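Below, chains carry the letters A, B, ... as their sequence lines are ordered, and counting in each starts from 1. The figures here come from the full heavy-atom set of this structure, side chains too, leaving out hydrogens, waters and symmetry mates. Remember, it's a predicted structure, so these values are computed and weren't measured experimentally.
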There are 2 protein chains.
Amino acid sequence: MPDSKADPADTDLRLAQDLLFFAYRDFTNAADVALDELGLGRAHHRALHFIGRNPGITVTDLLGILRITKQSLARVLSELVDRGYVAQSPGRADRRQRLLTLTEPGAALERRLFDRQRERLGPAYSEAGASAVDGFRRVLRAIMDDSARTYIDAHHRRGS
Amino acid sequence: MPDSKADPADTDLRLAQDLLFFAYRDFTNAADVALDELGLGRAHHRALHFIGRNPGITVTDLLGILRITKQSLARVLSELVDRGYVAQSPGRADRRQRLLTLTEPGAALERRLFDRQRERLGPAYSEAGASAVDGFRRVLRAIMDDSARTYIDAHHRRGS
DNA sequence: GATATTAAGTCAGTAATATTGACTCATCGG
DNA sequence: CCGATGAGTCAATATTACTGACTTAATATC
């Protein structure tokens with residue numbers, strides 16, 4: 001058996017397809033009950049998450065992360081603003097920009113949703129162990145696009 | 001710093017949220033161009049994948065894996081059958097069942113879609129290394145539901 | 001300073017994926 | 001025979017997303 005690493009076997013990659021499908025399905029699903037109670041969807045959660053992780057992010061930058069159109073984000077964002085979860089403020093340098101931040105209720109909601117996902121992810125991390133978690137990160141990081149990798153590296157330098 | 005493992009830090013879990021979002025987004029996206037050319041969507045890909053991995057699967061079992069309703073699957077499945085990608089045959093023991101299999105063109109299409117994802121996943125595996133891949137699997141396996149874990153373990157026993 | 005570009009928002013129409021609810025039909029199991 | 005099950009169908013609706021066309025305000029460029 002020569003090629004153990006140069007050319008990952010089909011079965012290995014088939015397993016990865018299954019793993020990603022189920023893990024992503026159940027991880028995202030973890031917050032759904034809390035979202036439903038508020039009449040919100042996963043799109044709202046994604047917006048809350050990335051605004052929370054990037055206080056003061058511009059609409060254009062958020063669109064680039066989510067990879068959706070302006071019209072699609074508008075629906076989600078206007079609901080979040082109407083409900084008082086997200087605040088907009090004009091950019092200081094460029095007043096055309098609307099810098100997005102979570103309000104206090106918005107941060108609390110995002111935290112609640114995060115906690116539901118934490119219930120699933122925390123035990124998984126503990127069970128798998130630090131070494132496995134490191135491998136988990138390395139593989140996921142290698143799967144994504146360059147631009148996403150750049151984002152990850154900028155936001156999660158070792159230490160924080 | 002006492003709790004290094006018992007209670008994974010927020011920042012660790014925040015990173016995981018980002019990693020899962022971007023990796024899943026780009027991994028699933030890899031097959032989109034090929035799907036678009038045929039006027040098919042991701043839902044068709046998922047059905048093709050799980051029928052391909054489970055030849056002779058019943059409709060009920062497929063619904064359980066995909067976690068969608070019968071009506072939602074019907075749209076996707078009838079299109080795949082109409083186009084000759086999926087064949088249905090009555091169960092031998094229970095003739096109410098419609099056992100689903102990929103036709104030869106269906107298997108070829110599924111393979112093409114798989115190849116697009118392989119282009120993304122294969123290099124990621126090679127770069128990250130065998131140890132990282134093992135950790136990747138362990139963490140994803142721990143994230144998913146019991147039923148999904150059972151599925152994974154049944155389909156991917158070590159050896160194949 | 002006029003002009004082009006950019007950031008953001010909006011209106012309209014449509015598509016893909018999914019849902020709930022209410023049925024039908026054939027077959028299986030007791 | 002009869003209730004339960006596997007599968008399919010019709011209808012209406014929700015969520016998330018899209019393309020295309022425009023407007024407004026502010027910045028950048030010539």
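Rounded to an integer number of Å, the gap from CD of B:Q71 to P of C:dT24 is 15 Å. A:L63 has its CG atom 11 Å from the C1' atom of C:dG9, to the nearest Å. The CG atom of A:L35 sits 18 Å away from the P atom of C:dA18 (whole-angstrom rounding). In this structure, A:D36 atom CG and C:dT19 atom C1' are separated by 11 Å, rounded to whole Å. Atom C1' of nucleotide C:dG9 and atom CG of A:L77 are separated by 11 Å, given to the nearest angstrom. Taking atom CG of residue B:L73 and atom C1' of nucleotide C:dT17, one finds them 12 Å apart after rounding to whole Å.
A:R83 places a side-chain N or O within 3.5 Å of a backbone atom of A:L38 that can act as its donor or acceptor partner. At distances below 3.5 Å, not a single donor-acceptor pair connects side-chain atoms of A:T58 with backbone N or O atoms of A:Q97. Side chain of B:H156 to backbone of B:I152: no donor-acceptor contact under 3.5 angstrom is found. Remark: the backbone N or O of B:A31 is not paired with any side-chain donor or acceptor of B:Q117 at under 3.5 angstrom. When atom types are taken as modelled, the side chain of A:R120 and the backbone of B:I143 share a donor-acceptor pair closer than 3.5 angstrom.
The nucleotide range of DNA chain D contacted by chain A, defined by atoms under 4.0 angstrom from heavy atoms of the protein and reported 5' to 3', is D:dT16 to D:dT27.
Between A:R92 and A:I68, it is A:I68 whose nearest contact on DNA chain D lies nearer the 5' terminus. Nearest-nucleotide positions on DNA chain D place A:S72 closer to the 5' end than the other of A:S72 and A:A93. Both B:G91 and B:R42 lie close to DNA chain C; mapped to their nearest nucleotides by heavy-atom distance, the more 5′-ward contact belongs to B:R42.
Shown here for B:V86 and B:L77, the closest heavy-atom pair between the two residues is CG1-CD1, 4.3 Å. Scanning all heavy atoms of the two residues, the minimum distance from A:R149 to A:R141 falls at NH1-O, 2.9 Å.
Placement of B:L99 and B:L62 in two distinct hydrophobic clusters is found when ILVMFWY residues are connected by side-chain heavy-atom separations under 4.5 Å, directly or transitively.
Under the ring pair (Phe, Tyr, Trp, His ring centres under 6.0 Å) criterion, B:F21 pairs with A:F50, sequence neighbours left out. For A:F114, the ring pair (Phe, Tyr, Trp, His ring centres under 6.0 Å) criterion is met by no residue, not counting sequence neighbours.
Close to C:dA26, at under 4.0 Å from its OP1 or OP2, lies no side-chain N or O of B:R95.
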Heavy-atom contacts, protein to nucleotides 3-8 of chain C, under 4.0 Å, summarised as B (base), S (sugar-phosphate only) or - (none) per nt, yield ---BSB

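Under the salt bridge (Lys or Arg N to Asp or Glu O under 4.0 Å) criterion, the residue pairs touching residues 130-140 of chain B are A:D12-B:R137, B:D134-B:R138, with sequence neighbours excluded.
Between the two ends of the helix from C:dG1-D:dC30 to C:dG30-D:dC1, each summarised by a five-pair axis, the helix axis turns through 30° (rounded to 10 degrees).
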